[in-house]
Amino acid sequence: MASESSQKNKARRKLKKRVRVDSEQNLERLDSLPWNSSLPENDGSNHDPFSVFIGSNELEGGFLCLEEIDESEYGLEIPKIDVENEKKKVKGKAKSKKRKISEGDEDESSGGEADGKTEDKAGGKELVDEKELKQKKEKKKRKKKKNRHEKNDEANKLKENTEPAEPLAVIDSQDGVEEDPVDAEYYEWNELRLHPLILKSIYRLKFKKPTPIQKACIPAAAHQGKDVIGAAETGSGKTLAFGLPILQRLLEEREKVERLLAEKGEANDRIAPDGVLRALIVTPTRELALQVTDHLKEVAKGTNVRVVPIVGGMSTEKQERLLKARPEIVVGTPGRLWELMSGGEIHLVELHSLSFFVLDEADRMIESGHFRELQSIIDMLPMNRSTESQPQNTQNCVTVSSLQRKKRQTFVFSATLALSADFRKKLKRGSVNSRKNDELNSFETLSERAGMRPNTAIIDLTNASILANKLEESVIECREEDKDAYLYYILSVHGQGRTIVFCTSIAALRHISSILRTLNINVWTLHSEMQQRARLKAIDRFRADEHGILVATDAAARGLDIPGVRTVVHYQLPLSAEVYVHRCGRTARASTDGCSIALISPNDASKFASLCKSFAKESFQRFPIELSYMPEVMKRLSLAHQIDKITRKNSQEKAEKSWLERNAESVELVLDDDDSEEERVKKYRHKKATSSQLNKLQQELNTLLSRPLQPKTFSKRFLAGAGVSPLVQRQFEELAKQKLGEASNFGENKRRKLVVIGQDCVEPLQALRSATKEPRLDLKEIAEKRKNVDDLRRKRKEMKKRLHEQRRKQRKKLKAGNE
Ligand SMILES: Nc1ncnc2c1ncn2[C@@H]1O[C@H](COP(=O)(O)OP(=O)(O)OP(=O)(O)O)[C@@H](O)[C@H]1O
């Protein structure tokens, strides 16, 4: 035991030493990096200062090397700083500086003393002094090395701090080869030269490398101070693509002020204590605003930069209180932001120091309902003109007069991008103006009015289909009335991971959620008529459940970022291809994979055809259905529908009755029960009959639900099957317990016992991938079906018309006969 622990200690010591050596090597490597190696080198051959890249991570032209940027162009605003902390820091630095100087003097004087000593005393004394001197020199050297290490190696240290306590290096015990996987993993972040505090957060969040949109945007936005129009697939990390440049600039500026003060030897309390609004981020939905806030807060942890959400549906007073704290970053929806701005909320109207204006999900902003408020907000922004702003020179504040204010940067982000070549040219020339131009589409108008500056970087990383690379799309063809059954099949046979079921109408959402709940499937709902609190609660609950199911309208189609959404089901097809893209974007996020299943009935044929056309798709893969499950599924659905119909009718009657009573009460009327005795008995009997019918149906359904869903060919003794979902697995376990309990109660022999063979659930994506033989649904087939449906409809219409005509003639004849 003792030898084992000593071996462990030895290994630990060895590791620590190794990590120290690695840190130093990393530091050297970090220093030797080119400033902006993620950008292609400008060989001068390309004179186009403004180019767009589609489907590639590259950027070309128009980018200044950092050396070319005139730093003096970039003035500083004074961010609110945790004065106490900062004071301590600067004082600490000043002290250590003083200490260093005095130590240096001491060293020198002691050196002199030593010299004197050598002159005065002889022999052994000389030797001792020499030894002392040597020791001092070594001490000084060690101190210097330590200081340098502390100063520059923050990133590596942070890495050590944020990684778990386990050793960084992995020791291969067999051949003694050691490697540091962490270094290699985070290397790409180091290339972006972000502030150490930002890197610390990134390590904490375990984001191994920047996503392509982040790699492309950060150099342009953070180091070159450019405006950015960015587009990349859903879930590709756009929030940090604009969030990190904002944080980077705020932190850089803060450090600059600190340095200035230290250089001038001024006390830190001359830093203006009040924060000003530095970044205003506008998102189309409340959920998105809250999500962006959380995301930025997470990254801004430990930086003292405050992020606050301002959204509708929450108390205005509370939000005003939040704004009183003067946060540097505000994320909000246009409606509430404008409400507070037009009401003169001081933090939101003092925009002279605004350095960033961001429009997230910009394409959604142009939809009706948002544009006017957004326009008003944009009109409030100060003109983004010259850099010759007035120096901020006041008696009691730190003076930044030597630095001029940097222009406001505008970032416009979206998952889709539709900019005309003409508009791109205009942006390049910098000739966009804020006059309304009929030739521009609304997205362009928006970018134009937001005050995009010349030389804007357009970073378009959307591929042809705009959908995430690792998304697998599929369809299930069925009749409209069978959609519920197929949905139930997907959720109970393949219900692994989080699933979002999308529908276009709230009525459909209510229908599905009610049916699924009747079938003992727990679902959360999300739609625009819900109160904000209930919406957030639903999202939180869904987020907390590993195998949760969310039934939502397109209110949740955009921006909702919940990790682990494995499947998106389109119960109803969306009204546009764009919404389809956003719905699908709830899965396969951040380079993970996911699956989308569209339920297509003959009614959806034309919508589906135009969807295929939008994505230039000839065919879609069919989702594999194990048909042997369907009889059982249909039986359960039929019962659930009947139960649902009765309960709905009952609750409708109740609601109507209470409405009548409420209204009578409000006008102080006593309601007379003017039903006759006979009618009352009839009603009573009817009620009783319905209630006993409901009980019977419920009992029948409960019996079915107490058994796991099994294919028709299933053995009743061996409960197992391909694709046992968590729900079914739970049912298996319950049933097994129940049966075992019964058997032991009645002293039955082992032979009668139930055997449960649990199997891994085949989630939809897996099922889809293994169903290679499934024939694809192609456009021709769809067109043919559509034609058949149209023919059938036409025939029915003609028949109806003929019948109507016949009846009319008969009535006429009868009338004539009577006369
Ligand atoms: N570099 C990274 N590495 C790994 N994960 C990341 C990285 N950057 C962001 N993420 C994660 O990816 C997810 C999606 O990010 P984000 O919400 O910014 O995407 P988006 O492009 O804005 O999506 P949408 O268009 O749907 O709004 C988030 O959960 C985020 O935490």
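For the numbers below, each heavy atom of this structure counts, side chains included, while hydrogens, waters and symmetry mates do not. One-based numbering, in listed order, for ligands and for the atoms of each.
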Peer 1: Looking at ligand 1, does any of its N/O atoms fall within less than 3.5 Å of an N/O of Q291?
Peer 2: no

Peer 1: Quick one: does NZ or CZ of R249 land under 6.0 Å from the six-membered ring centre of F356, within 45 degrees of the ring axis?
Peer 2: yes

Peer 1: Do H570 and R583 have side-chain atoms, one donor and one acceptor, less than 3.5 Å apart?
Peer 2: yes

Peer 1: Heavy atoms only, cut-off 4.0 Å: how does K209 contact ligand 1, side chain, backbone, both, or neither?
Peer 2: backbone

Peer 1: Checking side chain to side chain donor-acceptor pair (under 3.5 Å) for the pair Q496/R566: CA distance, chi angles, key distance, verdict?
Peer 2: CA-CA 8 Å; Q496 180 90 344; R566 302 291 300 147; over 6 Å; no

Peer 1: Need the ligand 1 atom indices (1-based, order shown) with element for anything under 4.0 Å from a heavy-atom of H295.
Peer 2: 30 (C), 31 (O)

Peer 1: For H223 and Q248, test the side chains for any donor-to-acceptor distance below 3.5 angstrom and give the result as yes or no.
Peer 2: no

Peer 1: For T333 and R286, test the side chains for any donor-to-acceptor distance below 3.5 angstrom and give the result as yes or no.
Peer 2: no

Peer 1: Quick test of your reading of the structure: of T239, T211, V292, whose heavy atom lies closest to atom 16 (P) of ligand 1?
Peer 2: T239

Peer 1: Any N or O on G237 sitting closer than 3.5 Å to an N or O of ligand 1?
Peer 2: yes

Peer 1: How far is atom 10 (N) of ligand 1 from its nearest protein heavy atom, and which residue and atom name does that atom have?
Peer 2: F207 CZ, 3.7 Å

Peer 1: Got the closest protein heavy atom to atom 12 (O) of ligand 1, with its distance?
Peer 2: A590 CB, 3.2 Å

Peer 1: Look up atom OG1 in T587 and atom CD1 in I500, then write down how far apart they are to the nearest 0.5 Å.
Peer 2: 8.0 Å

Peer 1: Do Q621 and S474 have side-chain N/O donor and acceptor atoms under 3.5 Å apart?
Peer 2: no

Peer 1: Evaluate P210 for polar contact with ligand 1, using N/O atom pairs at a separation under 3.5 Å.
Peer 2: no

Peer 1: Show which atoms of ligand 1 fall inside a sub-4.0 Å distance from at least one heavy-atom site of E361.
Peer 2: 24 (P), 25 (O), 27 (O)

Peer 1: Please tell me whether F502 and Y571 form a close aromatic pair, meaning their ring centres lie under 6.0 Å apart.
Peer 2: no

Peer 1: Please list the nearest protein heavy atom to atom 28 (C) of ligand 1 with its residue and the distance rounded to 0.1 Å.
Peer 2: D561 OD2, 2.9 Å

Peer 1: Taking only heavy atoms of S236 into account, list the atoms of ligand 1 that are under 4.0 Å away from them.
Peer 2: 19 (O), 20 (P), 21 (O)

Peer 1: Can you check whether R306's main-chain N or O pairs, donor with acceptor, with E328's side chain at less than 3.5 Å?
Peer 2: yes

Peer 1: Side-chain donor-acceptor pair under 3.5 Å between Q291 and E287, yes or no?
Peer 2: no

Peer 1: With heavy atoms only and a cut-off of under 4.0 Å, state how W189 meets ligand 1: side chain, backbone, both or neither.
Peer 2: side chain

Peer 1: Anything under 30° is parallel, anything over 60° is perpendicular, the rest tilted; go ahead and classify F207 against H295.
Peer 2: perpendicular

Peer 1: Have a look at ligand 1 and work out which part of R586, if any, has a heavy atom under 4.0 Å from it: side chain, backbone, both or neither.
Peer 2: side chain

Peer 1: For ligand 1, which part of K238 has a heavy atom less than 4.0 Å away: the side chain, the backbone, both, or neither?
Peer 2: both

Peer 1: For atom 9 (C) of ligand 1, what is the nearest protein heavy atom, given as residue, atom name and distance?
Peer 2: Q214 NE2, 3.6 Å

Peer 1: Hey, does G235 sit under 4.0 Å from ligand 1 if you only count heavy atoms?
Peer 2: yes

Peer 1: Where is the nearest protein heavy atom to atom 17 (O) of ligand 1: which residue, which atom, and how far?
Peer 2: R589 NH2, 3.1 Å

